[in-house]
Visitor: 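Mind looking over this structure? Questions follow.
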Amino acid sequence: MRAILRFGCIAFLAVGWTMLPTLARAQHYPDHPIKLIVPVPPGGGVDILSRAIGQKMSASMGVPVVIDNRAGASAAIGTEALAKSPPDGYTIMMGYSAHVTNPIFNSNLPYDTKKDFAAIAHVGYIPLILVVPASSPVNSVKELVALAKAKPGELQFASGGAGAGAHLSGELLKVTAGVDIIHVPYKGNAPALNDLLGGHVSMMFDTINTSLPHVKSGTLKALAVTSSTRSPLAPDVPTMIEAGLPGFEISAWYVMFAPAHTPKDIMQRLNTEVNKAIKDPELRSTLLAQGVELTGGTSGEADAFVSGEGERWSKIIKTTGMTGN
């Protein structure tokens, strides 16, 4: 009996000992700044949203959430940095549509999109808006398509990089309207928008929150939005479907990621904090005014969403013959 009791005590202590690291993590995380990688330059929609969410998370968690802009290669540079970071909850990333389209366009990425990351939460999405410089002779999608057909290979559409929503929208326009327009990728939406404002490119599908102020000031013209219904921010702007392109529906989406194998307790804490930020009335009001629809939910739901988007765009890209150029 003594031997049995002694064995039971040892087993109990052994189980307790194995639980100590998890308990210690849960008790002390976070105890120093968290780095939030933003794989685009400052100023674009991804950056603006990341800073807003990061500020709320910092206030709630009691440590700084430091924005680290790692732009380039259609978000692949920042994504690689996340993949190579320790899975300890101190490095996370705001991902967007390029996360799932990059591996479709590029089979030689320095990371495995399906195995190297874990989704923390689906943050939200935002419709895109097709804009042209104020000096452009076109005032509608119909006129733009007519001009593109009259000048094949001469009009250009800017994007923040191959695989992003702006690029996919331009490629979808080529296929659905039957036009020959040239893709000009930049290292983020902000520099692309600057060149559009300067008249160096013909058009761009941009997030509505970053382009609409320029539309209101008269430096850009809005032709259509890519959502299935009109945006309350621009009720006079038709959808691409209303403009005569059936099935044309794309939204930019945002998902927070951590490296794969991040401990479950830390993933749960991060998910809780992101959802808490998303539910903040002040933040919701501010972002809704910018056209951002906040989502939230569990890590499992976010993973399922990302997987579904990968399958969806893989089919569309293969069916339409889109390229990553």
Side-chain angles (χ1 to χ4, degrees), residues 33-47 49-50 53-54 65-123 158-168 170-171 183-192 252-263 266-267 270 274 299 302-318 321-325:
I34 295 171
K35 179 166 64 177
L36 173 52
I37 295 174
V38 180
V40 298
V46 182
D47 181 70
L49 179 62
S50 299
I53 297 290
V65 175
V66 182
I67 301 297
D68 182 11
N69 292 94
R70 297 282 191 99
S74 300
I77 290 176
T79 307
E80 180 184 6
L82 180 70
K84 294 181 178 179
S85 297
D88 56 8
Y90 287 100
T91 304
I92 56 179
M93 184 186 79
M94 183 70 79
Y96 61 101
S97 55
H99 186 81
V100 297
T101 56
N102 275 341
I104 303 172
F105 290 128
N106 182 3
S107 60
N108 296 313
L109 291 171
Y111 53 82
D112 188 318
T113 304
K114 293 184 178 180
K115 296 180 180 180
D116 291 344
F117 310 99
I120 296 169
H122 183 188
V123 177
S159 84
H167 171 219
L168 298 177
E171 293 290 344
H183 177 219
V184 183
Y186 291 79
K187 292 182 178 180
N189 274 29
W253 53 259
Y254 312 101
V255 170
M256 193 85 80
F257 290 98
H261 311 301
T262 299
I266 291 178
M267 286 291 291
L270 287 167
V274 172
S299 296
D303 268 324
F305 170 79
V306 172
S307 178
E309 281 293 286
E311 293 175 4
R312 174 193 176 210
W313 282 107
S314 180
K315 290 178 182 177
I316 292 175
I317 290 168
K318 289 176 181 177
M322 291 183 186
T323 68
N325 298 323

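These values consider heavy atoms only, across backbone and side chains, with no hydrogens, waters or symmetry-generated copies. Everything quoted here is computed from the prediction, not taken from an experiment.
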Visitor: Which distance, rounded to the nearest 0.5 Å, do you find between the CD1 of Ile104 and the CD of Glu311?
Guide: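 Output value for this atom pair is 10.0 Å.
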Visitor: Where is the tightest heavy-atom contact between Ala166 and Ala158, given as atom of each residue plus distance?
Guide: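 Taking Ala166 first and Ala158 second, the nearest heavy atoms are CB-O, 4.3 Å.
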Visitor: Check whether any side-chain heavy atom of Tyr254 lies under 4.5 Å from a side-chain heavy atom of Val46, and answer yes or no.
Guide: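 Side-chain contact under 4.5 Å: yes.
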Visitor: Does Ile53 reach the side chain of Val123, with side-chain heavy atoms less than 4.5 Å apart?
Guide: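 Heavy-atom side-chain distance check passes, below 4.5 Å.
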Visitor: Nearest 0.5 Å please: distance from the OG1 atom of Thr262 over to the CD1 atom of Ile120.
Guide: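 Here the rounded value is 7.0 Å.
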Visitor: State, yes or no, whether a side-chain contact exists between Ile34 and Val66 at a heavy-atom distance under 4.5 Å.
Guide: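 Contact flag for Ile34/Val66 side chains = no.
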Visitor: Below 30° counts as parallel, above 60° as perpendicular, anything between as tilted: where do the rings of His167 and Phe105 land?
Guide: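 Ring orientation, 0 to 90° scale: tilted.
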Visitor: If a pair satisfies side chain to side chain donor-acceptor pair (under 3.5 Å) and one of its residues is in residues 96-121, list it, with sequence neighbours excluded.
Guide: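 Every candidate side chain to side chain donor-acceptor pair (under 3.5 Å) pair involving residues 96-121 fails, so no pair, neighbours aside, qualifies.
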Visitor: Which heavy-atom pair separates Pro87 from Ala260 by the least distance, and what is that distance?
Guide: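 Pro87 and Ala260 have their closest heavy atoms at CB-O, 3.4 Å.
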Visitor: Going by the side-chain contact (heavy atoms from CB on, under 4.5 Å) test, name the single residue among Val65, Ile37, Val40, Leu36 that passes it with Ser50.
Guide: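 In the set Val65, Ile37, Val40, Leu36, the residue that makes a side-chain contact (heavy atoms from CB on, under 4.5 Å) with Ser50 is Leu36.
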Visitor: Holding to salt bridge (Lys or Arg N to Asp or Glu O under 4.0 Å), I want the full list of residues that pass it with Asp303, two or more places apart in sequence or in another chain.
Guide: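 Partners of Asp303 under the salt bridge (Lys or Arg N to Asp or Glu O under 4.0 Å) test: none.
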Visitor: With side chains defined as the heavy atoms from C-beta onward, is the minimum distance between Asp47 and Met94 less than 4.5 Å?
Guide: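 When only atoms from C-beta onward are counted, Met94 and Asp47 do not touch, as no gap falls below 4.5 Å.
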Visitor: Looking at every heavy atom in both Val274 and Ala121, which two are closest together, and how far apart are they?
Guide: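 In this case the closest contact between Val274 and Ala121 is CG1-CB, 3.8 Å.
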Visitor: Mind listing the closest non-hydrogen atom pair of Ala302 and His122 along with its distance?
Guide: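 Heavy atoms only, the tightest pair is CB-N, 3.5 Å.
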Visitor: Less than 4.5 Å apart, side chain to side chain, heavy atoms only: is that true for Thr91 and Leu82?
Guide: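 Contact flag for Thr91/Leu82 side chains = yes.
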Visitor: Heavy atoms, side chains only, cut-off 4.5 Å: are Pro41 and Pro191 in contact?
Guide: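 The answer is yes; the side chains approach within 4.5 Å.
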Visitor: Is there a side-chain contact between Ser299 and Met267 in this structure, where contact means two heavy atoms from C-beta onward sitting under 4.5 Å apart?
Guide: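 Counting from C-beta outward, Ser299 and Met267 do come under 4.5 Å.
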Visitor: Please enumerate all residues that pass salt bridge (Lys or Arg N to Asp or Glu O under 4.0 Å) together with Lys84, with sequence neighbours excluded.
Guide: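 Partners of Lys84 under the salt bridge (Lys or Arg N to Asp or Glu O under 4.0 Å) test: Glu80.
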Visitor: Can you see which heavy atom on Ala119 is nearest to which on Phe257, and at what distance?
Guide: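 Closest approach of Ala119 to Phe257: CA-CD2, 3.8 Å.
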